[in-house]
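Inspection log for the structure reproduced underneath, given as structure tokens.
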Amino acid sequence: MKSLADAFEHTLQDVYFAENAITKALPKVIESVSNAELKTALKDHLTETKGQIKTLQAVFKSIGKKASGEKCDAIEGLIKETEGVIKETKGAVARNAAVIGCCQAVEHYEISRYGTLREWAKALGETEAHDLLGEILDQEKAANHKLTHIAVSTINKAGK
Ligand code: ZN
Ligand code: FE
Ligand code: FE
Ligand code: FE
């Protein structure tokens with residue numbers, strides 16, 4: 001990894017891997033929660049995530065590269081932790097709250113990555129990539145806000 005363009009491509013491969021890993025992991029997470037509003041929000045975000053994979057393919061295309069993923073240890077760790085929390089909270093009143101916490105860690109990871117990628121695209125003069133990455137960034141921020149809303153308005157009160 002020598003130039004900013006290299007770093008950009010590498011990190012793009014990183015998030016491409018991450019979105020695919022999230023798509024695989026989410027069905028189990030959706031199944032694990034009992035709150036209807038949370039279930040719907042996670043289902044909606046799974047659909048959105050599949051769209052993000054398509055958008056990332058367009059980003060690769062815009063820089064003249066083939067879409068490919070490179071193992072991201074960070075997302076694997078966050079997913080592993082989520083699976084552990086699901087196991088540990090079997091039958092617990094706080095499961096919905098605990099799972100939201102895990103999902104928000106993933107959203108924050110994504111917000112961090114896409115914020116960096118979007119600004120690198122701008123610095124590299126890749127305006128199409130900048131705009132597309134900005135679209136995904138906005139979706140991640142909205143997903144995070146929605147989870148905060150669900151937690152604060154209902155779930156945190158139920159999990160005492
Ligand atoms: Zn990496
Ligand atoms: Fe995402
Ligand atoms: Fe990574
Ligand atoms: Fe997300």
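The figures here come from the full heavy-atom set of this structure, side chains too, leaving out hydrogens, waters and symmetry mates. Everything quoted here is computed from the prediction, not taken from an experiment. In each ligand, atom 1 is the first atom listed, and ligand 1 is the first ligand listed.
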key: Step-by-step side chain to side chain contact (heavy atoms under 4.5 Å, CB included) determination, W120 to L12   = CA-CA 11 Å; W120 281 354; L12 208 52; over 6 Å; no
ask   = Does K39 NZ have over 12 foreign heavy atoms under 6.0 Å away?
value = yes
ask   = E140: which N/O/S atom is nearest the Fe ion (ligand 4)?
value = OE1
inquiry  = Using the rule side chain to side chain contact (heavy atoms under 4.5 Å, CB included), only one of K43, K50, E48 pairs with L46; which is it?
reply    = K50
key: Backbone or side-chain N/O/S of E48 under 2.8 Å of the Fe ion (ligand 2)   = no
query = Relative to the Fe ion (ligand 4), which of the N, O or S atoms in E107 is the closest?
reply = OE1
request  = Looking only at N, O or S atoms, find the one in E110 nearest to the Fe ion (ligand 2) and name it.
outcome  = OE2
task = Rounded to the nearest 0.5 Å, what's the gap from OG1 on T49 to CG on L42? Could you check?
result = 9.5 Å
key: Verdict with supporting geometry, H149 and K146, side chain to side chain contact (heavy atoms under 4.5 Å, CB included)   = CA-CA 5 Å; H149 171 77; K146 180 143 210 184; 5.6 Å; no
query = So does Q52 have any N/O/S atom less than 2.8 Å away from the Fe ion (ligand 2)?
reply = yes
